[in-house]
Amino acid sequence: MVNSEVRMKVVVLGAGVIGISTAYALARAGAEVTVLERQSGPALETSFANAGQVSPGYSTPWAAPGIPLKALKWLFQKHAPLALRVDGSLFQLRWLAGMLRNCTPARYAVNKERMMRVSEYSRDCLRQLRLDTGIQYEQRTGGTLQVFRSQSQLDAVARDLEVLRACGVAHEVLDRAGLARVEPALARSQDRLTGGLWLPHDETGDCFLFTQQLAEKARQLGVQFRYGVDVSQLLSDGQNLQGVQLAGPEAEVVKADKYVLALGSYTRQLVQPLGLNLPVYPVKGYSLTVPLLDASLAPQSTVLDETYKVAITRFDQRIRVGGMAELGGFDLALNPKRRATLEMVTADLFPGGDLPKAEFWTGLRPQTPDGTPIIGATRQYPNLFLNTGHGTLGWTMASGSGQLLADLVTGRQPAISTEGLALERYSKSAPIRSLPERAVSATA
């Protein structure tokens, strides 16, 4: 625990779900926390309208065996889950090359274990957070159902089952008839499906509501929030960070003992002048928020369509449909073709919502080449910590990532292994290790 007489000062950059979860955990640990955010409030960018699932069991790297061939086929499909637009940067090419290197069975197994380690721990932290605070965010605990439209997809799930068993994750493979037992509304469309994988311990909820409420609870613990401020640069003496310089005529410098960067896709450009090469690329995703009309034709929890990589999640009186991955830089334009894909999948499986009145949204997911987030201190600057690169699983990993990072900042022993989570795993000398023994996940 941080000494209460001389409180450690920590600046957290970013007020998305990762930044707010980190700030809350740091305040609980006794630190004096200031959050800097360019938007007018928390969770107004990537955390605003994501797919809504908290899915530790579905923590799967995009870099997987067979993906290169699938990606080539997707380029010619109307409703492809992945789209590539050359952004003219050498970084994009290097990032893609790094992703391709991670598409081997060995790397896939290691990366999936790392992702599931953080995700399983994060779910434990989230459950404890609910008990401690009573926080409400339209949450459900009905699990995740991954549905397959072909026998080949059902057969291919075997490689995931091995990792699920090794990590002790509850799961059940379902045949066509078993789908309606988990999600009754699928009875009308089961003839178009071959089976599924059910992960009963997964959860759902509105990430925006969660982050807004957690920010308020963090404020009650003494966290100071400064919204509407832009960061100009990070100041360093070559060994440690000395402060955060804000944009504006006064060029104010905010100082602290330690600094946490949770700026999602925008973290990379801020640390580049420090000589840090952060392999985080903005992967654009889309969502629809659909008013609910008929609950009998809506999901009970989250259903993931493996063919189109689209997640359909039930909130109280809304359906959230999220998916797609576009690699094309920082473009935030809404592409009507992506809306058509989301509407098509929704109408096919769960036509219980008012699609014409759906709200269409896009955001940039910070993605690493191997799928695993970057959590921990930087070797070059011991007082600079990173909490980014969670990709499509920021909501899933938020509570655990925040607690883990807070433990590292305050010098406490983390509840799970940190092997393979820091930026240093991208150094040329870092080995690819076999699956480690499963760490015991303790509740935060």
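In what follows, every heavy atom counts, from backbone to side chain, and hydrogens, waters and symmetry copies are set aside.
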Next on the checklist: Minimum heavy-atom separation for L154 and T194, please, with both atom names.
Outcome noted: CD2-O, 4.0 Å
Checklist outcome for this item: Rounded to the nearest 0.5 angstrom, the CG-CD1 distance for L405 and I18 is 9.5 Å
Checklist entry - Do K112 and T60 get their side chains close enough for a donor-acceptor pair, meaning under 3.5 Å? => result yes
Item to check | side-chain hydrogen bond (donor to acceptor under 3.5 Å, both in side chains) between D160 and Y108, worked out | outcome: CA-CA 10 Å; D160 286 333; Y108 175 84; 2.3 Å; yes
Next on the checklist: Within the 4.5 Å heavy-atom criterion, are I374 and R425 side-chain neighbours or not?
Outcome noted: yes
Checklist entry - So, does E183 use its side chain to make a donor-acceptor pair with the main chain of S301 at under 3.5 Å? => result yes
Item to check | Backbone N/O of L274 and side chain of Y381: donor-acceptor pair under 3.5 Å | outcome: yes
Next on the checklist: Taking the basic N atoms (NZ, or NE/NH1/NH2) and the acidic carboxylate oxygens, is any pair closer than 4.0 Å for E138 and R320?
Outcome noted: no
Next on the checklist: When you compare the side chains of R117 and Y121, does any donor N or O come within less than 3.5 Å of an acceptor on the partner?
Outcome noted: no
Item to check | Main-chain N/O of G285 paired to T362 side chain as donor or acceptor, under 3.5 Å | outcome: yes
Item to check | Donor-acceptor contact present, side-chain Q212 to main-chain P42, <3.5 Å | outcome: yes
Checklist entry - Would R318 and E359 satisfy salt bridge (charged side-chain N to carboxylate O under 4.0 Å, His left out), going step by step from the backbone distance to the final call? => result CA-CA 11 Å; R318 298 170 296 154; E359 297 178 5; over 6 Å; no
Item to check | Side-chain touch N102/N111, heavy atoms, less than 4.5 angstrom | outcome: yes
Item to check | Gap separating the CD1 atom of I20 from the CD atom of Q213, nearest 0.5 angstrom | outcome: 12.5 Å
Checklist entry - Of R339, E326, K337, which meets side-chain hydrogen bond (donor to acceptor under 3.5 Å, both in side chains) against Y286? => result E326
Checklist entry - Y137 vs F210 aromatic rings, parallel, tilted or perpendicular, using cut-offs 30° and 60°? => result perpendicular
Item to check | Heavy-atom side-chain proximity of R85 to D331 below 4.5 angstrom | outcome: yes
Item to check | Chi angles and distances behind the side-chain contact (heavy atoms from CB on, under 4.5 Å) call for V254, V229 | outcome: CA-CA 11 Å; V254 181; V229 295; over 6 Å; no
Next on the checklist: Is it the case that the side chains of Y281 and D87 hold a donor-acceptor pair, with the cut-off being a distance below 3.5 Å and no angle test?
Outcome noted: yes
Checklist entry - Step by step, would you call R101 with D370 a salt bridge (charged side-chain N to carboxylate O under 4.0 Å, His left out)? => result CA-CA 9 Å; R101 285 195 298 270; D370 58 16; over 6 Å; no
Item to check | Expected output: side-chain W62 to main-chain T392 donor-acceptor under 3.5 Å | outcome: no
Next on the checklist: Within the 4.5 Å heavy-atom criterion, are I416 and E120 side-chain neighbours or not?
Outcome noted: no
Checklist entry - When S122 is tested against each of S21, S399, P56, S401 for side chain to side chain contact (heavy atoms under 4.5 Å, CB included), which residue passes? => result S399
Item to check | Residue of the set R314, R123, R127 for which salt bridge (charged side-chain N to carboxylate O under 4.0 Å, His left out) holds with E203 | outcome: R127
Item to check | Verdict with supporting geometry, V86 and Q92, side-chain contact (heavy atoms from CB on, under 4.5 Å) | outcome: CA-CA 8 Å; V86 176; Q92 184 190 49; 4.0 Å; yes
Next on the checklist: Using the rule given for side-chain hydrogen bond (donor to acceptor under 3.5 Å, both in side chains), can you reason through D124 versus Q128, listing the C-alpha separation, both sets of side-chain angles and the distance that settles it, and then say yes or no?
Outcome noted: CA-CA 6 Å; D124 293 344; Q128 188 63 46; over 6 Å; no
Checklist entry - Rounded to the nearest 0.5 Å, how far does CD of Q146 lie from CG of L179? => result 11.5 Å
Checklist entry - Between L276 and T378, what is the shortest heavy-atom contact and its length? => result CD1-CG2, 4.0 Å
Checklist entry - Out of curiosity, R140 CZ to Q53 CD, how far, rounded to the nearest 0.5 Å? => result 14.5 Å
Checklist entry - At what distance, to the nearest 0.5 angstrom, does CG of N383 lie from CG of N240? => result 4.0 Å
Item to check | Flag side-chain contact, heavy atom, 4.5 Å: R181 against L174 | outcome: yes
Next on the checklist: Does either side chain, that of T144 or that of S55, offer a donor lying less than 3.5 Å from an acceptor on the other one?
Outcome noted: yes
Checklist entry - Could you give the distance from OG1 (T341) to CG (D305), rounded to the nearest 0.5 Å? => result 11.0 Å
Item to check | Residue pair L235, Q233: steps toward the side-chain contact (heavy atoms from CB on, under 4.5 Å) verdict | outcome: CA-CA 6 Å; L235 304 178; Q233 63 177 322; 3.7 Å; yes
Item to check | Check: S150 side chain, Q153 main-chain N or O, donor-acceptor pair, under 3.5 Å | outcome: yes
Checklist entry - Looking at P200 and A170, what are the two nearest heavy atoms and their distance? => result CD-O, 3.5 Å
Checklist entry - Are any side-chain N or O atoms of K309 and backbone N or O atoms of P81, one a donor and one an acceptor, separated by less than 3.5 Å? => result no
Next on the checklist: Taking V17's backbone N and O only, do any of them form a donor-acceptor pair with S47's side chain (distance below 3.5 Å, no angle check)?
Outcome noted: yes
Next on the checklist: Quick one, N277 and R268 - any side-chain contact, counting heavy atoms below 4.5 Å?
Outcome noted: yes
Checklist entry - Nearest heavy-atom pair of M99 and A63: which atoms, and what distance? => result O-CB, 3.5 Å
Checklist entry - Counting only N and O atoms by type, is there a donor-acceptor contact under 3.5 Å from the side chain of K284 to the main-chain atoms of A333? => result yes
Item to check | Residue pair H390 / V118, side-chain heavy-atom distance below 4.5 Å | outcome: no
Next on the checklist: When you compare the side chain of W95 with that of L327, does any pair of heavy atoms fall below 4.5 Å?
Outcome noted: yes
Checklist entry - Yes or no on side-chain contact (heavy atoms from CB on, under 4.5 Å) for F385 and K258, after CA distance, side-chain angles and deciding distance? => result CA-CA 8 Å; F385 294 77; K258 297 184 179 181; 3.8 Å; yes
Next on the checklist: So which atom in P369 and which in Y426 form the shortest heavy-atom distance, rounded to 0.1 Å?
Outcome noted: CD-OH, 3.4 Å
Item to check | For R338 against A80, the heavy-atom pair lying closest together | outcome: NH1-O, 4.4 Å
Item to check | Residue R192 excluded, over 12 heavy atoms near CZ under 6.0 Å | outcome: yes
Next on the checklist: Among E113, R107, R114, which residue satisfies the side chain to side chain contact (heavy atoms under 4.5 Å, CB included) criterion with V110?
Outcome noted: R114
Next on the checklist: Centroid separation under 6.0 Å, is that true for the rings of F208 and W361?
Outcome noted: no
Next on the checklist: Check whether T204 reaches the backbone of F315 with its side chain - one donor and one acceptor, N or O, closer than 3.5 Å.
Outcome noted: no
